Amino acid sequence: MALGAAAAVALSLGGCAVSTGNPASGGETEREKKDEYRVAYIARAQADSFAAWLANEMKAAAEDYDDITLEVFDGQADDEVENRMIENAIANKFDAIIVQPNNGDAQSPYIQQAIDAGIVTITTNPRVEGLDGGDSVDANPYDQGAVVAQLALEQVPENAKVVVLTGPAGNFHSTARRDAWQKEFFDKRPDVTIVAEDTANWNKDEALTLMEDWSLANSEIDAIISMNDNMAAGALEALKGKSGFEGILAYGVDGTPEATLLIQEGLLTASTLQNARELAELNMKSVHELLTGEADEINVDIGNPLITSENVQEYIDLYLEAGLL
């Protein structure tokens, strides 16, 4: 499994290009062939480590297509900013728009506008449900949460007290991962008590602040259950040097470079890999096939391998090879 360019690299505009004309809404009109396609990728937020990694991988993947020019825009984790960028991409007549939503509910009407304008429109990380048309490239967030939750069934002690960190409200990945934890873990472990739960919006600093408060209010916390690695890392940072929390279990999702190091150190218990390079390559392959008429509709998922102390070196080696560590 290949992994890609450093997440810390700043987002930039860039590309290479070929295109077909926009069909009527619903895809009833045959797409006109072009020599160059302009594709807008609207990223959720450069400050989000996974989103930044994915944006860099999208730029790298676009270089494999001589007929595609990719322009990357930073949504700044702001619904109004992201919605405005979608509107601008429609007005500027991009041949395709790939959207990484900050809040699927908030972006949905604007994404629908792009679809209705006949623009090839893909939602990714997460996909947006309930659209009339459109395409998607994603991971299966329920499965991502489920494989970690199933491991926790065996590891979390009886009558444990846990805290739960969720992503933004309305975010498909956050909701589906939390549903997986509910069905695969909490429903099967009624002995476990959630002593605190809140959203940290995928953000490490917000999770750190929440965990500082929770650890003051609860002298006993047996596990951190987080819907992504970034928040898990923040929560673990808040517990550094605090007595009584040694050996706390911690679960995340994404398998980020930082997470693999935390697993190696014995701080993070497990994560599920969401491979940004695989996601980017599948996005660019899909948008190219849709633009050139090789495909009429695409809704696909990447895999979600579990990372634990037993196999973490494999992923560290991959990140080292890719220059991410």
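Being a predicted model, the structure only gives us computed values, none of them experimental.
Taking the six-membered ring for Trp and the full ring otherwise, the centers of W53 and Y319 sit less than 6.0 Å from each other.
Note that CZ of R277 and CG of L324 are 8.0 Å apart. Values are rounded to the nearest 0.5 Å. Interatomic distance, CZ of F172 versus CG of D105, reported as 11.5 Å (0.5 Å rounding). Taking CD1 of I122 as the reference point, atom OG of S286 lies at 5.5 Å (rounded to 0.5 Å). S309 contributes atom OG, which lies 8.0 Å from atom CD1 of I263 (distance to the nearest 0.5 angstrom). Atom OG of S136 is separated from atom CD1 of I98 by 12.0 Å, given to the nearest 0.5 angstrom. Atoms OG1 and CG, on T123 and N283 in that order, are 9.0 Å from each other to the nearest 0.5 Å.
With 3.5 Å as the limit, one finds a donor-acceptor pair spanning the side chains of Q182 and D187. For the residue pair H173/D138, the side-chain donor-acceptor check at 3.5 Å is satisfied. A donor-acceptor pair shorter than 3.5 Å cannot be found between the side chains of D132 and Q112. In the model, E82 has no side-chain atom that pairs as donor or acceptor with a side-chain atom of N102 under 3.5 Å.
Side chains of Y41 and K59 form no contact here, defined as non-hydrogen atoms less than 4.5 Å apart. Side-chain contact between I111 and L131 is present, with at least one heavy-atom pair separated by less than 4.5 Å. In this structure, the side chains of V148 and L306 come closer than 4.5 Å at one or more pairs of heavy atoms. V287 places a side-chain heavy atom less than 4.5 Å from the side chain of V120. Side chains of N230 and N203 form no contact here, defined as non-hydrogen atoms less than 4.5 Å apart. A 4.5 Å side-chain heavy-atom check between S226 and N228 finds at least one atom pair inside the cut-off. Side-chain contact between F186 and I194 is present, with at least one heavy-atom pair separated by less than 4.5 Å. The shortest side-chain heavy-atom distance between P101 and N171 does not fall under the 4.5 Å cut-off.
Grouping the Ile, Leu, Val, Met, Phe, Trp and Tyr side chains by contacts below 4.5 angstrom, directly or via other members, places L249 with M227. One hydrophobic cluster, built from ILVMFWY side chains closer than 4.5 Å, cannot hold both L208 and F50; they sit in different ones. L268 and L210 fall within a single hydrophobic cluster, where Ile, Leu, Val, Met, Phe, Trp and Tyr are joined by side-chain heavy atoms under 4.5 Å apart, directly or via other members. Under the 4.5 Å side-chain heavy-atom criterion for Ile, Leu, Val, Met, Phe, Trp and Tyr, V192 and W214 are members of the same hydrophobic cluster. A single hydrophobic cluster is seen to contain both F73 and V128, as judged by linkage of ILVMFWY side chains at heavy-atom distances under 4.5 Å, directly or through other members.
Dense packing is recorded around CD of Q150, with more than 12 heavy atoms of other residues, nucleotides or ligands lying under 6.0 Å away.
Looking at D74, its side chain does come within 3.5 Å of a backbone N or O of Q46 through a donor-acceptor pair. With hydrogens and angles disregarded, no donor-acceptor distance shorter than 3.5 Å links the side chain of N218 to the backbone of I221. For T199 (side chain) and G167 (main-chain N/O), a donor-acceptor pair under 3.5 Å exists by modelled atom type. The main-chain N or O of Q100 is never found under 3.5 Å from a side-chain atom of T124 such that the two would form a donor-acceptor pair. Within the 3.5 Å criterion, the main-chain N or O of E80 finds a donor-acceptor partner in the side chain of D78. Listed for the T121 side chain is a donor-acceptor partner under 3.5 Å among the backbone atoms of I119. In this structure a side-chain-to-backbone donor-acceptor pair under 3.5 Å is present from T209 to D205.
Partners of E212 according to the side-chain hydrogen bond (donor to acceptor under 3.5 Å, both in side chains) rule, which considers only residues two or more places apart in sequence or in another chain, do not exist here. Partners of Q76 by side-chain hydrogen bond (donor to acceptor under 3.5 Å, both in side chains), not counting sequence neighbours: none found. Residues passing the side-chain hydrogen bond (donor to acceptor under 3.5 Å, both in side chains) test with D135: none are found, sequence neighbours excluded. Taking the side-chain contact (heavy atoms from CB on, under 4.5 Å) definition, one finds that T175 meets it with D179, sequence neighbours left out. Every residue meeting the salt bridge (charged side-chain N to carboxylate O under 4.0 Å, His left out) condition with E184, not counting sequence neighbours, appears here in chain and number order: K188. Remark: D317 engages Q313 in a side-chain hydrogen bond (donor to acceptor under 3.5 Å, both in side chains) (not counting sequence neighbours). N304 pairs by the side-chain contact (heavy atoms from CB on, under 4.5 Å) definition with D143, Q144, V147, T272, not counting sequence neighbours.
Pairing each heavy atom of G145 with each of W181, the nearest pair is O-NE1, 4.0 Å. Scanning all heavy atoms of the two residues, the minimum distance from E278 to G303 falls at OE2-N, 3.8 Å. Between P168 and N201, the shortest heavy-atom distance links the atoms CA-OD1, 3.6 Å. Residues I90 and A117 share a closest heavy-atom pair of CG2-CB, 4.2 Å. Pairing each heavy atom of V72 with each of A55, the nearest pair is CG1-CB, 4.2 Å.
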Run the numbers on Y110 and V99 for side chain to side chain contact (heavy atoms under 4.5 Å, CB included), then give the verdict.
CA-CA 10 Å; Y110 297 86; V99 180; over 6 Å; no
Stepwise side chain to side chain contact (heavy atoms under 4.5 Å, CB included) test for M284 and H288:
CA-CA 6 Å; M284 296 313 303; H288 190 262; over 6 Å; no
Show the numbers, then the answer: is there a side chain to side chain contact (heavy atoms under 4.5 Å, CB included) between V253 and Q274?
CA-CA 7 Å; V253 173; Q274 183 167 236; 5.5 Å; no
Derivation of the side chain to side chain contact (heavy atoms under 4.5 Å, CB included) call for L165 and I224
CA-CA 8 Å; L165 291 158; I224 298 162; 4.1 Å; yes
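Applying the salt bridge (Lys or Arg N to Asp or Glu O under 4.0 Å) test to residues at least two apart or on different chains, the pairs with a partner in residues 191-201 are R178-E197, R189-D191. Screening residues 286-304 for salt bridge (Lys or Arg N to Asp or Glu O under 4.0 Å), with sequence neighbours left out, gives R127-D301, K285-E289. Judged as a salt bridge (Lys or Arg N to Asp or Glu O under 4.0 Å), the pairs with a partner in residues 237-251 (not counting sequence neighbours) are, in order, E237-K240. Under the salt bridge (Lys or Arg N to Asp or Glu O under 4.0 Å) criterion, the residue pairs touching residues 251-264 are R177-D254, K204-E258, with sequence neighbours excluded.
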Only distances under 3.5 Å count here; give the side-chain donor-acceptor pairs of residues 155-163 to other protein atoms, sequence neighbours excluded, each with its distance to 0.1 Å.
unit_1, atom_1, unit_2, atom_2, d
Q155, OE1, Y251, OH, 2.8

